[in-house]
Amino acid sequence: MSNPSLLILPGDGIGPEVMTEVVKIIDWFGAKRGIAFDVSTDLVGGAAYDKHGTPLHDDTMARAQEVDAVLLGAVGGPRYDDLDFSVKPERGLLRLRKEMDLFANLRPAQCFDALADFSSLKKDIVAGLDIMIVRELTSGVYFGEPRGIFKEGNERVGINTQRYTESEIDRIARAAFELARKRGNKVCSMEKANVMESGILWREVVQKVHDEDYADVELSHMYADNGAMQLVRAPKQFDVIVTDNLFGDVLSDCAAMLTGSLGMLPSASLGAPMANGRPKAMYEPVHGSAPDITGQGKANPIACILSFAMALRYSFDLGDEATRVEKAVEKVLADGLRTADLLGHEGETPISTTEMGDAIVAALDASL
Ligand code: NAD
């Protein structure tokens, strides 16, 4: 049997810097655990534009459709700000998400004990937090028609349309229930069924999917505004939260901040299963290309490394190995190692991107 395949797209800014550290972890699995990947690397974003005049070459898109998982660093930067909208670096990312039909965006909010006093909330509210927000990513108000700015009498009117079909709700609900079964077995679905018809349909379909196929999973429904409140009041009450594109955008950023730095946050975007049973998948840190620190060895590689851990768990069914990576990250943080973005106390000195990657590899070694 051939090795599982990975396409690495480091992108721009700190993307290549943090991805170099991920490659060390990938190599470690080949050398020390006998888990080898067929890795190919290509360009995306501004780097692809510089070479090909487009933020994603057709050959790269085709390769992304073939591999078992895509790992992406980050795209964008001030050099590309004035480019035409159609060739901006972000278009490369959006094309990947759209053409791979990555409809389920998984955003974990996990608080490592060593960083608990980093959160804007009290330590006991966030210590040990481990929740997962499942956001619908390819439909809803960001895509619904009609949309635009139109003239109505003497003034203009801006219109966007919240639109969800039953099948779109059905598939994201299934993704959430499947995930919950591998975690705490609890799903909370969030919408605004009190004021939106799309919310009424959302609630009905989620309940139907639950009753027919996932009755073993605990399901609750919550209005999204209350959900936002509960996330900062008592976030540990949640396990998996499933919600639409717009509410998911806001709620996942809110949940992310419970845990501290942007440099710590991974994500996964999953689509339908391929012929081999694995979902179409792209894994990427939540952060951008951080032009303000590019080339200075200051970038925290942990978000990107934890994104690879998500790939191990969700694309390759290697949950124990994913946990091994997460525990290695936990260990280096508990040992007091910090990149510049994680400095919280006087007298702490930061380590570099490379040193953080090497420390995580050493912690992996120690786990054997
Ligand atoms: P950003 O996430 O790049 O940076 C925000 C702040 O967080 C900066 O101060 C940065 O130094 C810091 N930061 C981010 N990641 C870090 C890490 N790993 N380690 C340490 N510090 C980190 O967001 P921005 O500044 O708004 O955007 C910069 C560029 O990135 C823009 O071109 C934007 O369009 C692009 N962007 C890309 C993505 C993506 O590729 N998915 C996401 C967001 C922004």
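- For Glu218, the CD atom counts as loosely surrounded, since its 6.0 Å shell holds 12 or fewer non-hydrogen atoms of other residues, nucleotides or ligands.
- Atom NZ of Lys151 has more than 12 neighbouring heavy atoms from other residues, nucleotides or ligands inside a 6.0 Å radius.
- A salt bridge does not link Asp42 to Arg63: none of the charged side-chain nitrogens sits closer than 4.0 Å to a carboxylate oxygen.
- Here CE of Met282 is found 5.0 Å from CG of Leu93. Values are rounded to the nearest 0.5 Å.
- Looking at Arg91 and Thr54, their side chains never bring a donor and an acceptor atom within 3.5 Å of each other.
- Between Arg313 and Glu326, at least one side-chain nitrogen of the basic residue sits less than 4.0 Å from a carboxylate oxygen of the acidic one, meeting the salt-bridge criterion.
- Between Lys331 and Asp335 there is a salt bridge, since at least one side-chain N of the basic residue sits less than 4.0 Å from a carboxylate O of the acidic one.
- Rounding to the nearest 0.5 angstrom, the gap separating the CG atom in Leu96 from the CD atom in Glu284 is 9.0 Å.
- Under the side-chain hydrogen bond (donor to acceptor under 3.5 Å, both in side chains) criterion, Asp249 pairs with Tyr142, not counting sequence neighbours.
- Between Phe177 and His210, the ring planes are tilted. Angles from 30° to 60° get that label.
- With no hydrogens or angles considered, no side-chain donor-acceptor pair links Arg107 and Ser267 at under 3.5 Å.
- Here Arg278 does not pair with Asp317 in a salt bridge; the nearest charged N to carboxylate O distance is not below 4.0 Å.
- Using modelled atom types, one finds no donor on one side chain facing an acceptor on the other under 3.5 Å when comparing Ser315 with Asp68.
- Taking the charged nitrogens against the carboxylate oxygens, Asp101 and Lys280 have no contact shorter than 4.0 Å, which rules out a salt bridge.
- The existence of a salt bridge linking Glu204 and Lys208 is excluded, since no basic side-chain nitrogen approaches an acidic carboxylate oxygen closer than 4.0 Å.
- Taking the charged nitrogens against the carboxylate oxygens, Lys236 and Asp130 have no contact shorter than 4.0 Å, which rules out a salt bridge.
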- Would you check, one step at a time, whether the test side chain to side chain donor-acceptor pair (under 3.5 Å) holds for Asp12 with Ser289? CA-CA 6 Å; Asp12 308 319; Ser289 58; over 6 Å; no
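- A salt bridge does not link Asp244 with Arg135: every distance from a Lys NZ or Arg NE/NH1/NH2 to an Asp or Glu carboxylate oxygen is 4.0 Å or more.
- A salt bridge is absent between Asp84 and Lys88; no separation between the charged side-chain nitrogens and carboxylate oxygens falls under 4.0 Å.
- When each of Leu270, Leu106, Val70, Leu306 is tested with Tyr283 by the rule side chain to side chain contact (heavy atoms under 4.5 Å, CB included), just one qualifies, namely Leu270.
- With salt bridges taken as basic N to acidic carboxylate O contacts below 4.0 Å, none links Lys122 and Asp117.
- Using modelled atom types and a 3.5 Å distance limit, the side chains of Glu99 and Gln65 yield no donor-acceptor pair.
- The closest side-chain donor-acceptor pair between Asp239 and Asn185, if any, does not fall under 3.5 angstrom.
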